[in-house]
Amino acid sequence: MPYLAADDRYSHLPYRRCGRNESAPPAISLGLWQNFGGVDSAETGRQIILKAFDRGVTHFDLANNYGPPPGSAESMFGEIINDDLKPYRDEIIVSTKAGYRMWDGPYGEWGSRKYVLASLDQSLRRMKLDYVDIFYSHRLDPDTPLEETVGALETAVTSGKALYVGISSYSPEATREAHKMLKDRGIRTLIHQPSYSMLNRWIENGLLDTLQELGIGCIAFSPLAQGLLSDKYLKGTPNDARASREGSFSSKLLTPENLERVRALDAIAKKRGQSLAQMAIAWVLRHPTLTSALIGARTVAQLENSLDAMKNTAFSKEELAEIDKHAKDGALNLWSTSAAAKPVKD
Ligand SMILES: NC(=O)c1ccc[n+]([C@@H]2O[C@H](COP(=O)([O-])OP(=O)(O)OC[C@H]3O[C@@H](n4cnc5c(N)ncnc54)[C@H](OP(=O)(O)O)[C@@H]3O)[C@@H](O)[C@H]2O)c1
């Protein structure tokens, strides 16, 4: 049976403008960093993506290296967007990125013109798309002049291969410089993609203010701190959880301090009548500069649970104060090197 999208798909989520830009992603977007690679079940991935679209998630976030193996999430997504979702392409925002290592040799990562533009071509081929909606610089290159990376982003737009550009994990200073260079070239910086959660609040120290001032949107990734902000680790580590797999979420991050914070936050979520995962998403969205919470999901049930966060997004002053007591930095920001890097000037 060909897929037919749900008629009521636009009745579930609000769509929030990217700063002063018109483009408006859903309040919750879905990322394909993990669970959608060549090693994962393509059928489960398809079910998650189609359920997300049925519930109003119009934005799917990718990067050249998502998998494993690298590239396989784009290939998998390419099948779905060109098959099930083909009639809906104009309703969907697809993003991809270049910055992390993708191929061997000196031109296989970072921010050179050669790498960034070759990577975009490869991404389009894997996804069998003519263009992506948003193309990101995935991390600041500490060795290549920012002007060169920005020039490559400009070419992505002027060549019609990307509609908008974004930056990810750039510091406030680097954001300001990239924004100015792009503006001088007539290109708007649509959106910034930083990590942000109750246990990783670095963007509150300047980045959010900078984005608000410059009118750039903000899509916060890993709002569940890779799954830690749920009740799953409170009684040990389940075999199917991310911390049990090789990769980005080391079980060393499950420190007694972090688990104590999670336990206290879980109790607050229960009092609000929602899961901790739902409260974690609602909490990042409380900030008016926040455009979208960029979640991951391993199962359809997780996705549905997370999307139900929208049923209760209001916080009282007392609740926020109580959350603040436990929402402390848990040393979970794996992307802090990029945010600490200084842009190289010409
Ligand atoms: N720009 C960048 O550098 C960058 C870096 C990282 C991520 N991202 C983007 O952000 C997206 C999301 O990252 P993320 O996967 O780390 O986000 P996340 O939402 O913080 O974590 C997702 C994980 O949490 C668990 N989970 C999800 N929903 C749940 C629920 N309702 N209840 C309990 N557990 C739940 C699942 O892990 P289990 O398998 O443990 O159940 C799931 O894979 C990525 O796909 C990518 O698009 C960008």
Side-chain angles (χ1 to χ4, degrees), residues 25 28-37 40 44-45 48-49 51-52 57 59-67 73-74 76-77 93-100 134-140 166-170 191-200 203 218-234 236-251 253-254 262 266 269 274-284 292-310 330 332-339:
I28 302 179
S29 302
L30 180 67
L32 279 67
W33 178 31
Q34 307 203 17
N35 310 311
F36 297 87
D40 301 300
T44 304
I48 294 172
I49 289 168
K51 176 59 74 179
V57 177
H59 177 25
F60 299 97
D61 181 71
L62 293 109
N64 54 359
N65 61 335
Y66 289 177
E74 287 183 331
M76 197 270 230
F77 184 72
I93 299 174
V94 179
S95 58
T96 193
K97 321 183 189 77
Y100 286 93
I134 309 172
F135 184 49
Y136 285 94
S137 164
H138 208 160
R139 57 174 172 171
L140 185 79
I167 51 181
S168 178
S169 303
Y170 276 42
I191 198 159
H192 191 301
Q193 187 176 128
S195 60
Y196 184 47
S197 74
M198 291 192 287
L199 300 176
N200 170 19
I203 67 172
C218 180
I219 178 165
F221 73 77
S222 300
L224 307 187
Q226 298 206 56
L228 175 56
L229 286 167
S230 69
D231 61 3
K232 80 181 62 189
Y233 294 111
L234 292 178
T237 302
N239 288 335
D240 54 2
R242 196 176 287 187
S244 296
R245 299 194 293 273
E246 281 276 299
S248 63
F249 191 71
S250 158
S251 56
L253 300 172
L254 301 170
V262 171
D266 187 53
Q274 60 187 171
S275 70
L276 176 52
Q278 291 166 349
M279 185 174 86
I281 292 165
W283 182 87
V284 303
S292 185
L294 178 51
I295 62 166
R298 180 167 47 83
T299 63
V300 172
Q302 283 183 347
L303 171 83
E304 298 226 73
N305 181 272
S306 295
L307 292 176
D308 283 343
M310 298 315 294
L332 300 166
N333 188 359
L334 311 179
W335 305 270
S336 57
T337 315
S338 172

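In what follows, every heavy atom counts, from backbone to side chain, and hydrogens, waters and symmetry copies are set aside. Just so you know, ligand 1 is whichever comes first in the structure, and atom 1 is the first atom listed for that ligand. No experiment lies behind these values; they were computed from the predicted model shown.
At a heavy-atom distance under 4.0 Å, only side-chain atoms of W335, from C-beta outward, approach ligand 1. Heavy atoms of R139 found under 4.0 angstrom from ligand 1: none, in either backbone or side chain. Of all the heavy atoms of L32, the ones lying under 4.0 Å from any atom of ligand 1 belong exclusively to the backbone. For A225, every heavy-atom contact with ligand 1 shorter than 4.0 Å involves the backbone, none the side chain.
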Output, in order, the C-alpha distance, side-chain angles, deciding distance and verdict of side chain to side chain contact (heavy atoms under 4.5 Å, CB included) for L62 and T96. CA-CA 5 Å; L62 293 109; T96 193; 4.3 Å; yes
Report the C-alpha separation of T44 and N35 in whole Å, then their side-chain angles, then the decisive distance to 0.1 Å, and conclude whether the side chain to side chain contact (heavy atoms under 4.5 Å, CB included) test is met. CA-CA 9 Å; T44 304; N35 310 311; over 6 Å; no
Can L334 and F249 be said to form a side chain to side chain contact (heavy atoms under 4.5 Å, CB included), step by step? CA-CA 9 Å; L334 311 179; F249 191 71; over 6 Å; no
What do the steps show when you test I134 against D61 for side chain to side chain contact (heavy atoms under 4.5 Å, CB included), and what is the final call? CA-CA 9 Å; I134 309 172; D61 181 71; over 6 Å; no
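Between atom 48 (C) of ligand 1 and the options Q193, Q302, H192, the minimum heavy-atom separation is to Q193. Taking only non-hydrogen atoms, the option from S195, A280, G31, S222 nearest to atom 16 (O) of ligand 1 is S222. Checking F60, F36, W33, F221 against atom 4 (C) of ligand 1, the nearest heavy atom belongs to F221. Among A241, G296, S248, the residue whose heavy atom sits closest to atom 27 (C) of ligand 1 is G296.
Annotation: Q34 places no N or O atom under 3.5 Å from an N or O atom of ligand 1; distance criterion only. Between Q226 and ligand 1, a contact under 3.5 Å exists for at least one N or O pair.
S168 contributes atom OG, which lies 10.5 Å from atom CZ of R139 (distance to the nearest 0.5 angstrom).
The nearest heavy-atom contact from the protein to atom 24 (O) of ligand 1 is G227 CA, 3.2 Å. Among all protein heavy atoms, the one lying closest to atom 15 (O) of ligand 1 is R242 NH2, 2.8 Å. The shortest contact between atom 34 (N) of ligand 1 and any protein heavy atom is with K232 NZ, 2.9 Å. For atom 29 (C) of ligand 1, the closest heavy atom belonging to the protein is L224 CD1, 3.6 Å. In this structure, the protein non-hydrogen atom closest to atom 47 (O) of ligand 1 is D61 OD2, 2.6 Å. With hydrogens left out, the protein atom closest to atom 1 (N) of ligand 1 is S168 OG, 2.8 Å, a heavy atom. Of all protein heavy atoms, the one closest to atom 3 (O) of ligand 1 is H138 NE2, 3.2 Å. For atom 39 (O) of ligand 1, the closest non-hydrogen atom of the protein is R298 NE, 2.7 Å.
Proximity of S29 to I219: side-chain heavy atoms (C-beta onward) are separated by under 4.5 Å at one or more points. The side-chain heavy atoms of H138 and N65, taken from C-beta on, include a pair separated by under 4.5 Å.
Taking the six-membered ring where tryptophan is involved, the planes of Y66 and W33 are tilted, since the angle between them lies from 30° to 60°. The aromatic rings of F221 and W335 lie perpendicular to each other, with more than 60° between the two planes, well past the 30° mark.
Assignment of R245 to the shell around ligand 1 is supported, since a heavy atom sits closer than 4.0 Å. Contact annotation: Y66 has at least one heavy atom less than 4.0 Å from an atom of ligand 1.
Nearest approach of H59 to S95, heavy atoms of both residues: CE1-OG, 3.1 Å. Among all heavy-atom pairs drawn from L294 and L30, the shortest one is CD1-C, 3.7 Å. Of all non-hydrogen atoms in K232 and G227, the two that sit nearest each other are CE-O, 3.9 Å.
Taking a cut-off of under 4.0 Å to the non-hydrogen atoms of S306, the atoms of ligand 1 that pass are 28 (N), 29 (C), 30 (C), 31 (N). Proximity to A277 (heavy-atom distance under 4.0 Å) selects the following atoms of ligand 1: 30 (C), 31 (N), 32 (N). Every atom of ligand 1 with a heavy atom of N35 under 4.0 Å away is listed here by number and element: 43 (O). Close contacts between ligand 1 and I295 involve ligand atoms 12 (C), 19 (O) [criterion: under 4.0 Å to a heavy atom]. Residue-ligand proximity, N305 to ligand 1, at heavy-atom distances under 4.0 Å covers atoms 31 (N).
The only member of S197, S195, S338, S169 that meets side chain to side chain donor-acceptor pair (under 3.5 Å) when paired with N333 is S195.
Using a distance-only test at 3.5 Å, with no hydrogens or angles considered, a donor-acceptor pair links the side chain of Y233 to the main chain of A243.
Side-chain contact annotation: N305 with S275, donor-acceptor N/O pair under 3.5 Å present.
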